[in-house]
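Below: one structure, written as structure tokens.
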Amino acid sequence: MEVFDNIFAINHRCSSFFLGLLLLLASALSLADAKSHYHDFVIQATPLKRLCKTQNSITVNGMFPGPTLEVNNGDTLVVNVVNKARYNVTIHWHGVRQMRTGWADGPEFVTQCPIRPGGSYTYRFTIQGQEGTLWWHAHSSWLRATVYGALIIHPKEGSSYPFSKQPKGETAILLGEWWNADPIDVVREATRTGGAPNSSDAYTINGQPGDLYNCSSQDTVIVPIDSGETNLLRVVNSALNQPLFFTVANHKLTVVGADASYVKPFTTSVLMLGPGQTTDVLISGDQNPSRYYMAARAYQSAQNAPFDNTTTTAILEYKSSPCAAKNCSSNKPIMPPLPTFNDTATVTAFTSSFKSTGKTFVPNDIDESLFFTVGLGLNPCPPNFNKSSQCQGPNGTRFTASMNNVSFVLPSNFSLLQAHHQRIQGVFTTDFPANPPRKFDYTGNVSRSLFTPVPGTKLYRLKYGSRVQIVLQDTSIVTSENHPIHLHGYDFYIIAQGFGNYNPRTDPSKFNLVDPPLRNTVAVPVNGWAVIRFVADNPGVWLMHCHLDVHITWGLATAFLVENGVGELQSIESPPEDLPLC
């Protein structure tokens, strides 16, 4: 019996050895499959002609939109950014988790000081566990109006999409906004006057306004498709200040992903994306071979607020269409119906259709239960200001915005992450309130005494590994509005959304803890609320803000300071040597 025990022990040790060897080999092969991708981004002024007018716009490598970056899950990106423009700039990799690499996240004065004119900085980070469509954009002032591009994350080498039908082709569809002016001048003028900025002059699809605008038909984007094939459209709302509807004439869209996470497929005729959001859809060439408009127009939920009420178009063109082989400018494509600009019912039906596919890891036992109000505000006209020229908000005021009555102020001498890492005092405080300082009827008639928030650079501190729930509550201060709230460095589960004031006694019964969607940007409903959950497993300083850039300009933001955990793998990396100085 002892002999058999010895043989068994030897076999067991051999099996363990070979199993370990196989695991090491598998790990090595996985690393071998992962690649590093190197890119150079030159920020420069480029003459661009749109709407009959040529103007110098800030671009990357002279391209508008900028370069599309394609990687596989597990790959590393190394992007050297050289600033040859006249403005400060940073680049944000929207939706990338940036695990332990917060120095590469990009928001100006949050994780880095800006790249000054003539300067450079190299962003290095690995994309792990994410597949689908993200994007990159400038995160300095309003430069992202023209400085943006798609970031496509394919499955790991040798893997395929988890779709029942693999797409034959893929096309990135970047929705944007265009001004017949320098966007920096637009926001600077609004800051000077205290009023709302001028609305855009056009929307764009892949940088082009399309047939319905002056001087634009010749450059309308053509998206080819073959009869019988299924293609993947990667739709990104890159617009600066406007949620957008998107549709394709006579074609159904099967939603399969959002914000680089897969979702349970569902079919729709129209999408709604808030700025910052992405949606992956499958489209089949199942109609008569012809030409069909893709179209996007505004979803405008704020009452009595001016907005760009135009429509941008591209053309879905069948390769077997008679027009594909020749110029068919006289043969108008079929135009799709679009929702009315304030169709919140369509938005609600669309957003409530998203469900995660596969296993979810929704935190149950909550360590930090937070309640954040989001909305606009009004500051009284300062005594030394000219009321007619510098206080052009309602009734001689200046627009502002806040979360929990704190209007966020960015530092200017240090980045928040630098100040935290180097323990520099006086740059920020960690007393951002966990709840509104005063409870009120958030979506009702709000007292004017609550219209003026307190300015400050206040962060909320989270322990590493803490399980966080945030109720995001829209308010009707000045006006209620759909707010796309983006959290840097994290994905989160959207476990519930609703209208009116969030009720902590009854609304938890609506929580979806089984298959909620995993997103990086949540559209908080107009006059409503959303509840999100995540685990604070990424140390650093992470901005949370409204992705309507006019609102972040006014202060609708805060930031989380997530402490290091135990050991190197739970701590932020050291700052790179070429990190820009303030």
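- Under a 3.5 Å cut-off, the side chain of Arg144 and the backbone N or O of Leu240 do form a donor-acceptor pair.
- Ring to ring, His488 and His545 are close: their centroids are under 6.0 angstrom apart.
- At least one side-chain heavy atom of Pro243 sits less than 4.5 Å from a side-chain heavy atom of Pro275.
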Please step through side chain to side chain contact (heavy atoms under 4.5 Å, CB included) for the pair Leu77 and His39, ending with a clear verdict. CA-CA 8 Å; Leu77 267 172; His39 297 274; 3.7 Å; yes

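- Between Ser120 and Asn80, the closest side-chain pair of non-hydrogen atoms falls below 4.5 Å.
- With rounding to the nearest 0.5 angstrom, the CG atom of Leu271 is 10.5 Å from the CZ atom of Phe245.
- Between atom CG of residue Leu316 and atom OG1 of residue Thr171 there is a gap of 9.0 Å, rounded to the nearest 0.5 Å.
- A centroid separation of 6.0 Å or more is found between the aromatic rings of Tyr493 and Phe361.
- In summary, the side chains of Thr344 and Tyr299 do present a donor paired with an acceptor at a separation below 3.5 Å, with no hydrogens or angles considered.
- Annotation: cation-pi pair Arg519/Phe492 absent, no NZ/CZ under 6.0 Å from the ring centroid and within 45° of its normal.
- Looking only at atom types and distance, the side chain of His251 has no donor-acceptor partner in the side chain of Gln287 under 3.5 Å away.
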Apply side chain to side chain contact (heavy atoms under 4.5 Å, CB included) to Leu253 and Val248, showing your working. CA-CA 8 Å; Leu253 304 173; Val248 182; 4.2 Å; yes

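- A side-chain contact (heavy atoms from CB on, under 4.5 Å) with Cys546 holds for exactly one of Val524, Ile485, Thr553, Thr521; it is Ile485.
- In this structure the side chain of Tyr292 never reaches within 4.5 angstrom of the side chain of Pro333, judged on heavy atoms.
- Sequence neighbours left out, not one pair with a member in residues 211-241 passes ring-ring contact (aromatic ring centres under 6.0 Å, His included).
- For the side-chain hydrogen bond (donor to acceptor under 3.5 Å, both in side chains) criterion with Arg297, the lone passing option out of Asn309, Thr247, Thr311, Thr312 is Asn309.
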Derivation of the side chain to side chain contact (heavy atoms under 4.5 Å, CB included) call for Asp259 and Leu518: CA-CA 8 Å; Asp259 292 1; Leu518 189 65; over 6 Å; no

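- Between atom OG1 of residue Thr68 and atom CG of residue Asn206 there is a gap of 8.0 Å, rounded to the nearest 0.5 Å.
- Thr268 places none of its side-chain heavy atoms less than 4.5 Å from the side chain of Val281.
- Within the 6.0 Å centre-distance limit, the rings of Phe307 and Phe341 are counted as a close aromatic pair.
- Side-chain polar atoms of Glu131 and Tyr262 form a donor-acceptor pair below 3.5 angstrom.
- No side-chain donor-acceptor contact under 3.5 Å links Tyr161 and Asp280.
- No donor-acceptor distance shorter than 3.5 angstrom exists from the side chain of Asp182 to the backbone of Asn56, with no hydrogens or angles considered.
- More than 12 non-hydrogen atoms from other residues, nucleotides or ligands lie less than 6.0 angstrom from CD of Glu189.
- For the side-chain hydrogen bond (donor to acceptor under 3.5 Å, both in side chains) condition, the pairs that include at least one residue of residues 221-232, sequence neighbours left out, are Glu229-Asn231, Thr230-Ser284.
- At a threshold of 4.5 Å between non-hydrogen side-chain atoms, the residues His483 and His551 count as touching.
- For the atom pair CG (Asn72) and OG1 (Thr76), the distance works out to 11.5 Å, reported to the nearest 0.5 Å.
- Centroid-to-centroid, the aromatic rings of Tyr123 and Trp136 stay 6.0 Å apart or farther.
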Table please: side-chain donor-acceptor pairs of residues 42-51 below 3.5 Å, with sequence neighbours left out.
from: Thr46; atom 1: OG1; to: Thr59; atom 2: OG1; distance (Å): 2.7
from: Arg50; atom 1: NE; to: Gly207; atom 2: O; distance (Å): 2.7
from: Arg50; atom 1: NH2; to: Gly207; atom 2: O; distance (Å): 3.3

Assess whether salt bridge (Lys or Arg N to Asp or Glu O under 4.0 Å) is satisfied between Asp201 and Lys53, documenting all intermediate values. CA-CA 12 Å; Asp201 295 292; Lys53 179 182 177 184; over 6 Å; no

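- Thr220 and Asp211 form a side-chain donor-acceptor contact under 3.5 Å, judged by distance and modelled atom types alone.
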Can Asp537 and Arg97 be said to form a side chain to side chain contact (heavy atoms under 4.5 Å, CB included), step by step? CA-CA 10 Å; Asp537 59 357; Arg97 283 296 316 271; 2.8 Å; yes

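- Using modelled atom types, one side-chain atom of Gln130 and one backbone atom of Gly95 make a donor-acceptor pair closer than 3.5 Å.
- Side chain of Asn73 to main chain of Lys156: no donor-acceptor pair is present (N/O by atom type, distance under 3.5 Å, no hydrogens or angles).
- Taking 4.5 Å as the limit, every side-chain heavy atom of Asp343 sits out of range of all side-chain heavy atoms of Met272.
- For the atom pair Thr204 OG1 and Leu175 CG, the distance stands at 7.5 Å (nearest 0.5 Å).
- For the residue pair Glu108 / Thr90, no side-chain donor-acceptor distance below 3.5 Å is found, with atom types taken as modelled.
- Under the 4.5 Å side-chain criterion, counting only non-hydrogen atoms from C-beta, Thr357 is not in contact with Pro162.
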